[in-house]
2 protein chains.
Amino acid sequence: MSNKNINIKDVAVAAGVSVTTVSHVLNEVSYARISPKTRDKVRTVAEELGYGPNRLAQALRTQRTGMLGLVSEDIATTPHAGRIILGADEAAKARGYNLIVINTSGSASLESRQADIAALLDRRVDGILYATMYHRNVELPANLGSVPSVLVDSVATGGNITAVIPDEEGGARAAVEALLAAGHRRIGFLNNTDDVPATRQRLSAFRATLNEAGLDGDAAPVESEPSEVQGGYEAARRMLSRKDRADMPTALFCYNDRMAMGAYRAAAELGLSIPDDLSIVGFDDQELIAANLYPALTTVALPHYEMGAWAAEHLIDAVEGKTDLSLMALHPTILGCPLVVRDSITAPRQ
Amino acid sequence: MSNKNINIKDVAVAAGVSVTTVSHVLNEVSYARISPKTRDKVRTVAEELGYGPNRLAQALRTQRTGMLGLVSEDIATTPHAGRIILGADEAAKARGYNLIVINTSGSASLESRQADIAALLDRRVDGILYATMYHRNVELPANLGSVPSVLVDSVATGGNITAVIPDEEGGARAAVEALLAAGHRRIGFLNNTDDVPATRQRLSAFRATLNEAGLDGDAAPVESEPSEVQGGYEAARRMLSRKDRADMPTALFCYNDRMAMGAYRAAAELGLSIPDDLSIVGFDDQELIAANLYPALTTVALPHYEMGAWAAEHLIDAVEGKTDLSLMALHPTILGCPLVVRDSITAPRQ
DNA sequence: GTTCTTGTTGCTCATCTGTCTCCCACGTCC
DNA sequence: GGACGTGGGAGACAGATGAGCAACAAGAAC
């Protein structure tokens, strides 16, 4: 398809019919009565000429562009953004849509983000996906509301916009349960210091899961540091340098893979071998880290691909009138965070 | 700007002038003679109404969409893709263009990649950026030629399409020179086994740089493995387990940061401390790894952001007739790979 | 057996989407 | 009657869409 410079009129002339007929045939207009012979002729000619409709003209007339705007915060900083884009792109492509991707920074002014949305609206996108790079409450540009939109990986401060987010609690639960299942009873948590939902939810799930296993979740050791490698290192040093040996955790649940990476180093320095002396679970499944640490890190995957695909899918449904987004806007949709088993968990010694 | 549903006619009516006049004023058409009063009036009204031109109609009329297609191979696999997109997006945005991003897989069939290009052409993008995720020769879809295009991070097998690639040799040279400058004389190279240009070019630059320093580059030790962490580990084990201690390298140049990560582990196992016993330089500057290893890895950065920006910039120049891409197509443009100094290099012992 | 009505089938015409741009019109002042 | 200053009209871009027009057949009325 799509030899530029061939338009519907060329096809009409070559097939010896009117433009209208070509349009009717190619769009399979239901009420159009056209003989099978003519239909064949039109289709054959269109094919031969390599005709593809000019989507601009089409969009102008039908008031539908088949384009979705994807504004993504900090696209380059994390590999997560790529997975969201990939999921959205594949879902969109499967339904004949394309993505206009615009990068914005999480620290960008509201005006600049508003300008990005405006650019998308000027292009008459059918809907907008607004993706943030970590699950938190965001303040949305006001003009976002003028077109169907879905939030990816965050919820809006004002509420009432459809959103998909990861199941932080479920993921944390899965991580802790994996440690419990391996036989661990003294489990520590290296938490983040940022005030984001994930921090609170992973912590509460951590405690709750321990409580449900008959342990004292509220007494379980937690050390908080910034969620980087260095923070993980320091939190782990503190936690693993406890006075009483019998008190020391045999397993660590880390807020993310980067902190887990720091914990690996702390363990190495303290002469603790992973997983024999210390089991570790991470969170995020940043493959570059998780798969490449030694031993490879068992961790919880964030469903970025799935969130991107879910968002695109439902946005398109809304655009096509198959769904009412406002109904879904009441509560964010929560997608599971599966455990990715590698080699960093085993039974505790003895 | 861009309150949907407000069109130029609304502005014309509200301002009490014709559509033509509004168009003339807003586009600052040079030959249009319109009184300052009228101009003010039109602009004020347009502002008040929140008018923004419908880019679709504009594009249909002017035969220019202000959109660039970016087809990116394996967008989600590496963070590099994000940097290319970011560079391209920022350069494009600065000139009023937007990007339609389409993902494709490096292993996708030529037809499927051709279909992606076709979708872009149907949307009448002004030009196409074709980004691959590692610098190699690619076979391009034939329909790419029908619109100005630029290859990012690779060169075409057929040649004669403008391309930007990283300066592999310069980067390797910088890495080796950093080791030489620190005083190292016995330097090993952990190379990749893939048959890509980078493999050959980094190797030849490695040898050449040593030769120029008065050393015997051709005798310098090289171990090749797949360019992953595990490969780096194995190559480093072999290289660092040489019979003769006096023969052992005091510094390692690694094909990429992942291999360097493997080398770190090998060094740790062999009781070699980095950088005191062994200096290491990587390549790629994958921040997640390079900045987070301990000690932080000195490495060579690939100019992905810069390549994306360069490509968008020159593509737009070509679209706007300011540049003739075919002139640049003769030789790929080469962008520098700067050394990123961290903590993994120091002077050799004694 | 002819003419008229009615119904189908097959396809086309006119109009619309929103914007740009070439060309023309009108008035005024020398 | 030009020159100048101001502004408007009518396509054109490429396609979508619904009303409507021929052509023909079958049945009805005479």
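In what follows, every chain begins at residue 1, and chains take the letters A, B, ... in the order their sequences are listed.
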In whole angstrom, what separates [X]'s [atom1] from [N]'s [atom2]?
| X | N | atom1 | atom2 | answer |
| --- | --- | --- | --- | --- |
| Asp10(A) | dA14(D) | CG | P | 9 Å |
| Lys9(B) | dT19(C) | NZ | C1' | 11 Å |
| Arg64(A) | dT17(D) | CZ | P | 11 Å |
| Leu26(A) | dA16(D) | CG | P | 8 Å |
| Leu56(B) | dG18(C) | CG | C1' | 9 Å |
| Lys37(B) | dG5(D) | NZ | P | 14 Å |
| Arg124(B) | dC13(D) | CZ | C1' | 11 Å |
| Asn27(B) | dG18(C) | CG | C1' | 13 Å |

Kindly say if [X] contacts the phosphate of [N], meaning a side-chain N or O under 4.0 Å from OP1 or OP2.
| X | N | result |
| --- | --- | --- |
| Gln63(A) | dC16(C) | no |
| Asn54(A) | dG15(D) | no |
| Gln58(A) | dA16(D) | yes |
| Ser23(A) | dA16(D) | yes |

Going by heavy atoms in the side chains, are [X] and [Y] under 4.5 Å from each other?
| X | Y | value |
| --- | --- | --- |
| Leu315(A) | Pro148(A) | yes |
| Leu121(A) | Ser146(A) | yes |
| Val25(A) | Thr21(A) | yes |
| Asp317(A) | Arg95(A) | yes |

**Request:** Classify the angle between the aromatic ring planes of His80(A) and His304(A) as parallel (below 30°), tilted (30 to 60°) or perpendicular (above 60°).
**Result:**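 Rings of His80(A) and His304(A): parallel, as their planes differ by under 30°.
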
**Message:** Set out, in order, the CA-CA distance, both residues' side-chain angles and the distance that settles side-chain hydrogen bond (donor to acceptor under 3.5 Å, both in side chains) for Thr65(A) and Asp126(A), then state yes or no.
**Reply:** CA-CA 6 Å; Thr65(A) 53; Asp126(A) 294 335; 3.3 Å; yes

**Other residues, nucleotides, ligands: >12 heavy atoms within 6.0 Å of Glu320(A) CD** =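 Enclosed.
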
**Item:** Reading 5' to 3' through nucleotides 10-15 of chain C, protein heavy-atom contacts under 4.0 Å coded B for base, S for sugar-phosphate only, - for none
**Value:** BBBBB-

